[in-house]
Protein chains: 2
Amino acid sequence: MFTLDEVDSGELAVDPSPRVPEDSRRSRKKQDTRNRLVAAADELFDRQGYDKTTTLDIAEAADVAQRTLFRHFPSKEALLYAELDDARFVLRDALHAQPDDVPALTAIRAAMAELGDRIVANRERRLLEARLAATTPAVSGYFRAVVQAGWERELIVAVAQRLDVDPMQDPRPEVLAGAAMSACRIATRQWTVSEGTADYVALADRALEAIAELADLA
Amino acid sequence: MFTLDEVDSGELAVDPSPRVPEDSRRSRKKQDTRNRLVAAADELFDRQGYDKTTTLDIAEAADVAQRTLFRHFPSKEALLYAELDDARFVLRDALHAQPDDVPALTAIRAAMAELGDRIVANRERRLLEARLAATTPAVSGYFRAVVQAGWERELIVAVAQRLDVDPMQDPRPEVLAGAAMSACRIATRQWTVSEGTADYVALADRALEAIAELADLA
DNA sequence: AGGGTAATGTCAGTGACTGACATTAGTCAA
DNA sequence: TTGACTAATGTCAGTCACTGACATTACCCT
């Protein structure tokens, strides 16, 4: 099972990837180290599999100490999902950018379409993630419990604001968010079986559309 | 982060808790060991917290070798969620028991009502789980990635059968299942804040009902 | 009584992750 | 340029979840 300690507990977590890079040599080097770690992990995971790659392997491939790896990433899994995890902020911004008068689900569909483009841009990496998630429970578990849960929180907050309700009282924001995340999961799975040839945004939109049809099943 | 290796990969997993106890002394002793481990874990988690309790502590409190603990449970988290994890089969049976002609969401609501009763029966344990999940990301992560994902699979299969569709093609089973799981999560959270005084089944049913209202948000 | 074997015990690992402390190297002011 | 300040990294020893291999125990069954 994965070590799951970064299901971050709210809004207080320190940004792991600086949103404003503050362009100094120091921060450039830091960012470079981070990038090298991700690239090294990527390559090793791909070549020799997730389990057979140790964090020490990755650190050495990136030419840093193992301790440094864990200063940049809270876990081995976080290395794999660094990009998708950051996409959380993209999602937040995209949701904010939607006009106030459009319905919540419509806003989500628009935001997801925006996000979807960015996501599929990195096709090979997405397929690698899917491959590893399919074979390694620790990876798929992390994706669900950390990455998706993070996105879901953004959705809940955005929907609750839109409806002007308290998400602890009104179940709709959370239920809608959960449905949307499931839509993304099934779309991703469909896209993956197509080896990345299908139109991800279309698949996701179709799945999101199905949310409005759920009433027919009652 | 939790070690997440029991996101079991399908239907092939060996039943960790024998469904037919096969009443021999041997299996009774085995079951007893299992029970003592769960009880010991329960008590230690409650008294000294999740992180400060080692698997060795638990094993010793149950008077078995650490190795034996890991023969009964694949991870530390599995000990905490042994009961809820098994509830998966109760959910499956409850879904099967619903008549074929009722709509999918209606069947889910009925099945969940049945399950809800059983769940709340163990009030103190549920509150302990909630308390630990709130403070320990590894625990909440495990719940999402393993327990809930397991339930969700049952729902997906049941809904797909009911609609007579392929859940890989039609997004509705997965989307409905995801929404239902979110409904359970918010209901559980509401029940938890009430310290277990609220009517869980009613809360869950209200949240599930909200699924049919999602169309209003489009 | 005795052979077969499920359950347990023992032991020595592996590997993710952490705390403490030392070292290096940008940064910035004098 | 120098030197203090400190962010980033390195080093090292430790903890703990979890596993494989093999020995032992205890139930089961003839």
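All values reported here derive from a predicted model rather than from experimental measurement. To find a chain, count down the sequence lines: A is the first, B the second, and so on, and within it residues start at 1.
For the pair B/W151 (side chain) and B/L84 (backbone), a donor-acceptor distance under 3.5 Å is present.
Side chain of A/R25, nearest nucleotide from D/dA17, D/dT9, C/dG26: C/dG26. Which of D/dA17, C/dA16, D/dT9 sits closest to the side chain of A/T54 comes down to C/dA16. Comparing D/dG10, D/dA17, C/dT8 against the side chain of B/H72 picks out C/dT8 as the nearest. Here the side chain of B/F70 is nearest to one of D/dC18, D/dA21, C/dA7, namely D/dC18. For A/E77, whose side chain is taken as the heavy atoms from C-beta onward, the closest listed nucleotide among C/dG9, C/dG19, C/dC17 is C/dC17.
What separates CZ of B/R67 from C1' of D/dC22 is a distance of 11 Å, to the nearest Å. In this entry the distance linking CG of A/L69 with C1' of C/dG15 reads 13 Å, nearest Å. Counting to the nearest Å, the C1' atom of D/dA7 and the CZ atom of A/R34 are 17 Å from each other. Rounded to an integer number of Å, the gap from CG of B/D51 to P of C/dG19 is 11 Å. Distance NZ (A/K29) to P (C/dA25): 8 Å, rounded to an integer number of Å.
Figure legend: cation-pi geometry between A/K76 and A/F45 absent, as NZ or CZ is not positioned both under 6.0 Å from the six-membered ring centre and within 45° of its axis.
At the phosphate of D/dC28, OP1 or OP2 sits under 4.0 Å from a side-chain N or O atom of B/S24.
Judged purely by distance below 3.5 Å, without hydrogens or angles, the side chains of A/E195 and A/T197 never pair a donor atom with an acceptor atom.
Few gaps surround CZ on A/R123; more than 12 heavy atoms of other groups in view lie less than 6.0 Å from it.
When each of A/R26 and A/R71 is assigned the nucleotide of DNA chain D bearing its nearest heavy atom, the one mapping closer to the 5' terminus is A/R26. Comparing B/T53 and A/T68 against DNA chain D, the residue whose closest nucleotide sits nearer the 5' end is A/T68.
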